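Per chain, numbering begins at 1; letters A, B, ... match sequence-line order. These figures come from a predicted structure and were not determined experimentally.
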Amino acid sequence: MKFGKGCHLHLIDGSAFIFRAYHALPPLTRRSDGLPIGAVAGFCNMLHRYVTDNSGPDAPTHAAVIFDKGSHTFRNDLYDLYKANRDAMPEDLRPQIPLTRTATEAFNIACEELEGFEADDIIATLACQARELGGRVTIISSDKDLMQLVGGGVEMLDAMKNTVIDVEGVEARFGVSPERVVDVQALAGDSVDNVPGAPGIGVKTAALLINEYGDLETLLDRAEEIKQPKRRQTLIEMRAQIELSKKLVQLDCNTPVDFTLDDLEVREYDPDVLLPFLAEMEFRTLSRRIAEHLNVEPPVISDAPIGDDSATPDAPDFDQATHDHISDAAGLQTWIDLIHHRGYVAVDTETTGLDEMTADLVGISLCVEPGHACYIPLRHKASAGSDLFASDELAEGQMPVDEALAMLKPVFEDPAVIKIGQNMKFDAKILARNGINVAPIDDTMLLSYAMHAGLHGHGMDALSERYLGHTPIPIKPLLGSGKSAITFDKVPVADAVRYASEDADITLRLWQAFKPNLHRAQVTTVYETLERPLVPVLAQMEMHGIKVDRDTLSRMSSAFAQKMAALEAEIHELAGETFNVGSPKQLGEILFDKLSLPGGKRGKAGAYTTSVTVLEELATEHDLPGRVLDWRALSKLKSTYTDALQTHINPETGRVHTSYSIAGANTGRLASTDPNLQNIPVRSEEGRRIREAFIAAPGNVLVSLDYSQIELRILAHMADIDELKQAFADGLDIHALTASEMFNVPMDEMTPDIRRQAKAINFGVIYGISGFGLARNLRIPRAEAQGFIDRYFERFPGIRAYMDKTKAFAKEHEFVQTLFGRKIHTPEINAKGPRAAFAYRAAINAPIQGTAADVIRRAMIRMPDAIEGLPAKMLLQVHDELLFEVAEDAVDEVVARARDVMESAPDPAVHLDVKLTVEAGQGPNWAAAH
DNA sequence: GACATCACG
DNA sequence: GACGTACGTGATGTCC
């Protein structure tokens, strides 16, 4: 039906529905897997009631649910504090938002949103259009910001109170007619949306003024006439702020919607769509109610919580498991139906290699219940028989890749289906390169990491062994090793089905074993806010990569090679014979046997130690050790950096794509591998020049933002040290302050050497200080170092108290925690002997290092939204630094937003007594940006 | 594959 | 009370 006179449009404020549903219900979770689902349940109940209430004679002819999209709108461009005082969305609500869209579609109601616009603006646009065409409009919302739209056939309906808000209602609320509501709001401001308005003027006064002068513009033009001096002054002085406020509250009736009112015609819902959705969500009461209403059988919803202890014994042994080989669309469709019915699926991708940026997808395995898995081979090569050369022909029994991916894409992207993987970042990147953005996800590796960090590794083999008592089929016999190793596409399909299916089966069983325990271990929030959301963020960073200039590296390599050759000749001359300078064993024999230099300590393998500290000592005795040190420095730079980095430049992108391991470091830090971009030289002048090879694309610059002294700030907060907190608040040099306190030297008489010693002590504290360690670091007698430590604890007794408290906690619980609740297990803390001393120092360090790691993780997770729409990409993380590639003209904006995200990263979960500060730099390359 | 060494925070 | 020792990582080359 064409929209026009006699038509009636309903516009439902989706966000209002969601928040009302969220707060009205307790935090319900889906029984089978613990997915938070309360808001979706409430939302569906509200939609259902809406549909039943609106089927009578006054039923709407057109209807739509309107949602907000994106956190940044044109109002933020006008005023950066707009809605800035809003609390962040609750963590358990976030994953439910896409499900409310799906729910709306399942009820077959039009569901509209527009990037960069608030729902209110879309509602305004549609209401204006409908009014022009002579139709009636009912806005289902009680939001006062929408009241400006009332009149001329437009009404509002407060669905909760079931009251209609018409022109009289608006006048009662604002004291003016609807078209003047924006004027009143502009003056009165709004604390909820953080609209400033005019200070000291509320709704009552505003209405009075508007009614007297007619409208806001006239009022402001004639402000001089106002009798009350204070009011007059405010209106004159705050004119700009008031006019800005009006722009903020004025809804936009011209949003560029890409649909028409005709598209919103009311449609009956399809029970075959709605009931399966409700079944997936496991809404028992609602699906029964709707089924009864429709006079059909209600869907069957299993009562068994997965991962329940009672469910585990039912799982068949691995050798009894069924492995389906999927070779056609019909077979795959059966599995897709199974997945939709379940609402979750374990996924594993098989590829030609471990480098996600170059590896090709070979096949996909799926599992929906223990013991029942399948493998979809896609790119296996035909066996070439006795021919030595591999065949390019595809093996039999494979469906076309494109067809399989097209069928799987909707499932893998379906917000109502959880995709479970072991190290999902790998699979997500492979799938992303095949056009599939897998979401939402769960990751067994990260579940284990959240629960077991410090207890053991989190690789699949170790987890399967430990928690399932099953040794997975090893990959080695299938691929071979060394020169004769083959890639997975050459593995016979029958073998691949067994191997790959089992991996998905194991993953699903691990998930069922872990998921219910997450809550018991009280690390649900850690997993949901610090682990899982990081996966897509890191995947994006890794896929984007950083541009590295091969020529720069290559020139440096040649220069290093020349210098090394010269040094090598000198070294051989000094030694009186040629030997391998790179061999510590041979070097040791030259130094201590042939030249009989003093020292000559042996390491645990019985060879002489020739480390930097040893060689530096010897450098006073002989010329040779110094030359070796120079040679080693160059050798390190050449082999690890200027040579190796070149091999990591991706030929397709011309960029280097590292891989971050999320569950590698026990403390919560990330680790970077293949290549490690977290240890690119910076401390030596010569090494730092390697960073000149890391460059921005044309028209861009690299921008580096790093936390200043984050670990010491966290220590000051956690140990609650007033002097340190005050020093950070005052922006003092923290090492100089420590030195001043300890050695009674006034700050303005500080010498670099005293400050250096204090700095070493500050770091020592973070590391779980010992007299021996500090002595070695400062190269002072052990007794003197111990004296420093004693004095430090005398001066800062709170630090000693914190360390004692941490140690006692660790001994009692065998774990320590970060401020955000991350647990780091310290099983050896109660061991006998030196291992306990190690565990003790690690226990002191872990909460500090781990809290800093949590902070930057939170910043990284929020960053994509914060810089959305700007020409900027987050490229690298180096523990306390984030590196971005930014279009030249957007640098200031990106720095402002990224800094804000980083500095406020602990909020609202944790309030630090010490503020975090971030330093920024920019330049054409990483050396210049840092 | 163990070990020594050294790059980073 | 003795034990060894600063915390957390990854990559490379040598040598077996």
Next item on the list: Taking heavy atoms of chain A and a 4.0 Å limit, find me the 5'-most and 3'-most nucleotide of DNA chain B within that range.
Entry: dC3(B) to dG9(B)

Next item on the list: Mind checking L774(A) for me? I need base, sugar-phosphate or nothing, with any heavy atom below 4.0 Å counting as a touch.
Entry: base

Notebook entry, point to check: How would nucleotides 11-16 of chain C be written as a contact map, 5' to 3', with B for base contact, S for sugar-phosphate-only contact and - for no contact, using protein heavy atoms under 4.0 Å?
Noted result: BSSSS-

Check: Under the 3.5 angstrom rule, does the side chain of T647(A) hit a backbone N or O of A644(A) as a donor-acceptor pair?
Finding: yes

Item checked: Over-ring placement of R841(A) relative to F838(A), 6.0 Å and 45° cut-offs -> yes

Next item on the list: Would you list the pairs meeting ring pair (Phe, Tyr, Trp, His ring centres under 6.0 Å) in which at least one residue belongs to residues 577-634 of chain A, sequence neighbours left out?
Entry: H572(A)-F579(A), F592(A)-Y608(A)

Margin query: Donor-acceptor check, side chain of R899(A) to backbone of V918(A), threshold 3.5 angstrom: yes or no?
Written below: yes

Item checked: For H930(A), all residues meeting ring-ring contact (aromatic ring centres under 6.0 Å, His included), sequence neighbours excluded -> none

Check: Residues in salt bridge (charged side-chain N to carboxylate O under 4.0 Å, His left out) with R655(A), at least two apart?
Finding: E885(A)

Check: On a whole-Å scale, what distance lies between the P atoms belonging to dT5(C) and dC3(B)?
Finding: 14 Å

Notebook entry, point to check: With a 3.5 Å cut-off and just heavy-atom distances, do the side chain of R782(A) and the base of dT5(C) make a donor-acceptor pair?
Noted result: yes

Item checked: Taking every non-hydrogen atom, the tightest pair across E616(A) and L629(A) -> CG-CD1, 3.8 Å

Check: Is the shortest side-chain N to carboxylate O distance from D443(A) to K425(A) below 4.0 Å?
Finding: no

Note to self: Using whole Å, what does the distance between atom C1' of nucleotide dT9(C) and atom OH of Y449(A) come to?
What the structure shows: 11 Å

Notebook entry, point to check: Atom CD of Q877(A) and atom P of dT9(C): how far apart are they, to the nearest Å?
Noted result: 14 Å

Notebook entry, point to check: Mind checking the P distance from dA6(C) to dC6(B)? Whole angstroms is fine.
Noted result: 15 Å

Note to self: Counting only heavy atoms and a strict 4.0 angstrom limit, can you tell me which residues of residues 841-863 of chain A come near DNA chain C?
What the structure shows: R841(A), A842(A), N845(A), Q849(A)

Check: What are the two closest non-hydrogen atoms of G454(A) and N666(A), and how far apart are they?
Finding: N-OD1, 3.4 Å

Next item on the list: Classify the nucleic acid contact of A775(A) as base, sugar-phosphate or nothing, counting any heavy atom under 4.0 Å across all strands shown.
Entry: nothing

Margin query: What's F838(A) touching, base or sugar-phosphate or nothing? Going by heavy atoms closer than 4.0 Å.
Written below: sugar-phosphate

Note to self: Need one value for R776(A): base, sugar-phosphate or nothing, where a base atom within 4.0 Å counts as base even if backbone is also close, heavy atoms only.
What the structure shows: sugar-phosphate

Next item on the list: For H456(A), check ring-ring contact (aromatic ring centres under 6.0 Å, His included) against everything at least two apart and list the hits.
Entry: H452(A), H458(A), Y467(A)

Next item on the list: To the nearest Å, give me how far apart CD1 (I680(A)) and C1' (dT9(C)) are.
Entry: 14 Å

Next item on the list: Kindly write out the residues that satisfy ring-ring contact (aromatic ring centres under 6.0 Å, His included) with Y660(A), not counting sequence neighbours, or none if the list is empty.
Entry: none

Margin query: Distance check, P atoms only: dC3(C) and dT5(B), in whole angstrom units.
Written below: 25 Å

Margin query: Suppose we screen for ring-ring contact (aromatic ring centres under 6.0 Å, His included). Which residues come up paired with F743(A), at least two apart in sequence or across chains?
Written below: F788(A)

Margin query: Run the side-chain contact (heavy atoms from CB on, under 4.5 Å) test on N676(A) and T658(A) for me, step by step, so that the C-alpha distance in whole Å, both residues' side-chain angles and the decisive distance to 0.1 Å come before the verdict.
Written below: CA-CA 7 Å; N676(A) 182 353; T658(A) 184; over 6 Å; no

Notebook entry, point to check: Between atom CG in N762(A) and atom C1' in dC7(C), what is the gap in whole Å?
Noted result: 15 Å

All N/O donor-acceptor pairs, side-chain side in residues 757-767 of chain A, below 3.5 Å, sequence neighbours left out:
unit_1, atom_1, unit_2, atom_2, d
N762(A), OD1, T738(A), OG1, 3.3
N762(A), ND2, H735(A), ND1, 3.0
N762(A), ND2, T738(A), OG1, 3.0

Check: Name the stems that DNA chain C belongs to, where each is three or more consecutive Watson-Crick or G-U pairs with both distances under 3.5 Å?
Finding: B:1-9 with C:7-15

Next item on the list: Whole angstrom is fine here: how far is it from CG in N777(A) over to P in dC7(C)?
Entry: 12 Å

Item checked: Residue list, side chain to side chain donor-acceptor pair (under 3.5 Å) with H657(A), at least two apart or on another chain -> T653(A)

Margin query: Once you apply a heavy-atom cut-off of 4.0 Å, does D880(A) come out as touching a base, just sugar-phosphate, or nothing?
Written below: sugar-phosphate

Notebook entry, point to check: Between I761(A) (CD1) and dA6(C) (C1'), how many Å, whole number?
Noted result: 13 Å

Margin query: Over all strands shown, is S770(A) touching base, sugar-phosphate only, or nothing at heavy-atom distances under 4.0 angstrom?
Written below: base

